[in-house]
Peer 1: 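Would you mind keeping the following structure in view while I ask a few things?
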Amino acid sequence: MTARPNRTLLICNGMLHRLPRPTIFAHRGASAYAPENTLAAFELAVKQGAHAIELDAKLCADGQVVVIHDTTVDRTTDGSGRVGDLPLEALRELDAGEFFDASFRGERIPTLSEVLESIGRRLWINIELTNYTTPNDALPAKAAELVRHHGLQERVIFSSFNPLTLNRMKKELPRVPKGWLIAPGSWGAWSWRLLRGYISHEAVHPASQIVSPGWVTRIHLQGRRVHVYTVNRVEEIKRLLDWDVDGIFTDDPLLALQVVQEHAFDKDTEEET
Ligand code: G3P
């Protein structure tokens with residue numbers, strides 16, 4: 001694979017220069033093949049050769065940091081109710097695998113600590129701080145404390161759609177990189193244009209629908225990386241690689257890695273002819 005030197009990025013985005021370009025983030029783990037946000041999906045991402053996993057962190061009723069995307073357990077477990085109303089003990093009784101396939105029966109909702117412990121020395125971890133309905137809660141402080149406890153300050157990146165959460169995280173762990181998630185639609189792009197000077201972030205994580213070559217260039221000129229979500233189709237992956245994005249979030253790391261390899265081969269062949 002051809003490595004493209006980019007001096008601006010190397011200087012400005014801190015620890016992120018250690019990530020490969022493009023970085024393949026397994027979105028909620030290898031979630032095309034295993035139940036999202038479970039240890040099974042994260043382990044599979046390791047096996048498939050992803051460079052990083054992405055997960056969703058939030059607080060449960062007794063203040064533990066757990067890994068689950070939705071605000072309720074209804075879609076991904078055999079239980080019901082809001083995560084924020086259920087204590088860890090109750091969450092641990094739920095089955096988080098069978099909704100995906102019977103062969104995953106017995107998978108549990110993991111804690112952030114468990115994922116950091118089992119995956120953190122092998123892959124980078126993108127921790128999305130999903131306290132969107134409780135933006136002033138203790139999630140940034142607690143997630144930062146866990147990262148410190150596991151000594152993974154140089155192996156994680158925090159992301160959030162809420163830019164103020166990123167600023168709070170900067171106070172907790174100033175050197176750990178942060179990715180600002182930009183939602184599709186005009187609101188996302190506008191909030192980025194208006195607020196970017198005030199928000200701590202070393203990477204922009206836009207929805208794929210709003211990315212254009214001009215966007216990528218503008219963000220690169222600021223010395224920031226561009227990690228695009230959530231990209232599962234071959235043609236879309238190829239297009240983003242042509243536009244020189246720095247990483248993609250995908251449910252299917254196996255497919256994305258294959259496309260990256262073929263794309264690099266095609267480019268090398270083009271340059272030789
Ligand atoms: O971090 C990328 C992606 O996960 C953001 O969207 O809805 O999957 O949290 P969502």
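Order of listing sets the numbers, starting from 1, for every ligand and every atom in it. Predicted model, so just to flag it, every value in this text is computed and none were measured.
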Peer 1: Which residue and atom name correspond to the protein heavy atom nearest atom 9 (O) of ligand 1, and how close is it?
Peer 2: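 That would be Glu128 OE1, 2.8 Å.
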Peer 1: Listing request: all side chain to side chain donor-acceptor pair (under 3.5 Å) pairs with a residue in residues 25-46, at least two apart in sequence or in separate chains.
Peer 2: His27-Asp251, Arg28-Glu36, Arg28-His69, Ser31-Asp251, Tyr33-Asp252, Glu36-Arg75, Asn37-Asp56, Glu43-Arg122
Peer 1: If the plane angle is over 60° it's perpendicular, under 30° parallel, otherwise tilted; pick one for Tyr229 and Phe161.
Peer 2: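 Ring orientation of Tyr229 relative to Phe161: perpendicular.
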Peer 1: Using non-hydrogen atoms of the residue, decide whether His227 is closer than 4.0 angstrom to ligand 1.
Peer 2: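 Not so, His227 does not reach ligand 1.
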Peer 1: Is any side-chain heavy atom of Arg92 closer than 4.5 Å to a side-chain heavy atom of Ile109?
Peer 2: no
Peer 1: List every atom of ligand 1 that sits less than 4.0 Å from any heavy atom of Leu181, numbering the atoms from 1 in the order shown and giving each element.
Peer 2: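 Per the distance check, 1 (O), 2 (C), 5 (C).
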Peer 1: Can you report which non-hydrogen protein atom sits closest to atom 3 (C) of ligand 1, along with the distance?
Peer 2: His27 NE2, 3.5 Å
Peer 1: Please round to the nearest 0.5 Å and tell me the distance separating atom CG of Leu16 and atom CZ of Arg21.
Peer 2: 11.5 Å
Peer 1: Under a 4.0 angstrom heavy-atom cut-off, which atoms of ligand 1 come close to Asp56?
Peer 2: 9 (O)
Peer 1: Identify, for atom 1 (O) of ligand 1, the protein heavy atom at the shortest distance, and state residue, atom and that distance.
Peer 2: Glu54 OE2, 3.0 Å
Peer 1: So which protein heavy atom does atom 7 (O) of ligand 1 come closest to, and at what separation?
Peer 2: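 Checking every protein heavy atom, the shortest distance to atom 7 (O) of ligand 1 gives His69 NE2, 3.1 Å.
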Peer 1: So if I count the atoms of ligand 1 from 1 in the order they appear, which ones are less than 4.0 Å from some heavy atom of Arg28?
Peer 2: 7 (O), 8 (O), 10 (P)
Peer 1: Side-chain contact test, heavy atoms from C-beta onward, threshold under 4.5 Å: evaluate it for Thr165 versus Phe158 and give yes or no.
Peer 2: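 They are not in contact (no side-chain heavy atoms under 4.5 Å apart), so the answer is no.
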Peer 1: Which residue and non-hydrogen atom of the protein lie closest to atom 2 (C) of ligand 1, and at what distance in Å?
Peer 2: Tyr229 CB, 3.5 Å
Peer 1: Going by the rule side chain to side chain contact (heavy atoms under 4.5 Å, CB included), which residues pair with Ala52 if we only count those two or more places apart in sequence or in a different chain?
Peer 2: Thr23, Phe25, Trp124
Peer 1: If you take the centroid of each ring, where Trp contributes its six-membered ring, are Trp215 and Trp192 closer together than 6.0 Å?
Peer 2: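 Yes, they do, as the ring centres are separated by less than 6.0 Å.
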